[in-house]
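Below: the structure, in structure tokens.
Note that the structure is a prediction, hence the values are computed from the model and not measured. One-based numbering along the sequence shown.
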Amino acid sequence: MAQKQTKQEEIQPIDLLDVLLDQDNKDPIVLLDEKGRQLSFEQVAVIPYGAENDKKLYCVLKPIDKIEGIADDEAVVFLVDEDDNGNTILRVEENEEVAISVFDKYYDLLEEAQAKAKKSAKTAADKKAPAKKETAKTTTTKTAGKTAGKKTTK
């Protein structure tokens, strides 16, 4: 179960799924390890992954606190699961192939979002840009001693 710290530094149990799916949540996610130590994470993404009839929910969390065996630029893939009492819990995804596939899906979604943002920004810029006016320009060229005027439109 995730926990949230209040101003009094008390730990309040909260519904983990609500926290993970709250797009406005910027607070760290505090989890307890098997030894009861508090570990703080920054939420990176929530990814549904799996076969069409067997999709599972995963989350990618980046440790805020130093964790042995995890580099500063690495994140951890967790399976969103339930315990025996029906409480939402996170389990580290131990199947390396599944974890890599979840990361790959995250990167694909990230690229799609960036492409969409670029397209949206370009569309907005095109709407703001003034229409190009056609201007007539007269150029003079010399050909074999004769001067000719040529009108071009840009």
Residue list, side-chain contact (heavy atoms from CB on, under 4.5 Å) with [X], at least two apart or on another chain:
| X | answer |
| --- | --- |
| Asp18 | Asp15 |
| Ile64 | Pro28, Ser40, Glu42 |
| Asn85 | Asp83, Asn87 |
| Lys66 | Asp72 |

- prompt: Tell me, which pairs form a ring pair (Phe, Tyr, Trp, His ring centres under 6.0 Å) where one or both residues lie in residues 84-106, sequence neighbours left out?
  reply: none
message: Applying ring pair (Phe, Tyr, Trp, His ring centres under 6.0 Å) as the test, list every pair that has at least one member in residues 44-76; sequence neighbours left out.
response: none
Non-hydrogen atoms of [X] and [Y] that approach each other most closely:
| X | Y | result |
| --- | --- | --- |
| Glu93 | Ala99 | CG-N, 4.0 Å |
| Gly50 | Lys55 | O-NZ, 3.8 Å |
| Gln38 | Asp65 | O-OD2, 4.0 Å |

Report yes or no: do [X] and [Y] belong to one cluster of Ile/Leu/Val/Met/Phe/Trp/Tyr joined by side chain heavy-atom distances under 4.5 Å?
| X | Y | result |
| --- | --- | --- |
| Leu79 | Val44 | yes |
| Val92 | Leu90 | yes |
| Val19 | Val77 | no |

When you compare the side chain of [Y] with that of [X], does any pair of heavy atoms fall below 4.5 Å?
| X | Y | value |
| --- | --- | --- |
| Val80 | Thr88 | yes |
| Val60 | Val76 | no |
| Ile47 | Cys59 | no |

task: Using the test salt bridge (Lys or Arg N to Asp or Glu O under 4.0 Å), find all partners of Lys122 that sit at least two apart in sequence or belong to another chain.
output: Asp126
- prompt: Got a sec, which residues hit salt bridge (Lys or Arg N to Asp or Glu O under 4.0 Å) with Asp33, two or more places apart in sequence or on another chain?
  reply: Arg37
message: Counting only heavy atoms not in Lys62 (residues, nucleotides, ligands), do more than 12 fall under 6.0 Å from its NZ?
response: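 More than 12 within 6.0 Å, yes.
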message: Counting neighbours of CD on Glu97 that are heavy atoms of other residues, nucleotides or ligands and sit closer than 6.0 Å, is the number greater than 12?
response: no
query: With Asn95, which residues qualify under side chain to side chain donor-acceptor pair (under 3.5 Å), at least two apart?
result: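 In terms of side chain to side chain donor-acceptor pair (under 3.5 Å), with neighbours along the sequence ignored, Asn95 is linked to no residue.
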query: What side chain to side chain donor-acceptor pair (under 3.5 Å) pairs are there with at least one residue in residues 107-117, not counting sequence neighbours?
result: none
message: If the test is side chain to side chain contact (heavy atoms under 4.5 Å, CB included), which one of Leu20, Leu61, Leu17 qualifies with Val46?
response: Leu20
Spacing of CD belonging to Gln43 relative to CG belonging to Asp27, to within rounding of 0.5 Å: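 The distance works out to 11.0 Å.
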message: If I take atom CG from residue Asn25 and atom CG from residue Leu21, how far apart are they, to the nearest 0.5 angstrom?
response: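 Atom-to-atom, Asn25:CG and Leu21:CG are 10.5 Å apart.
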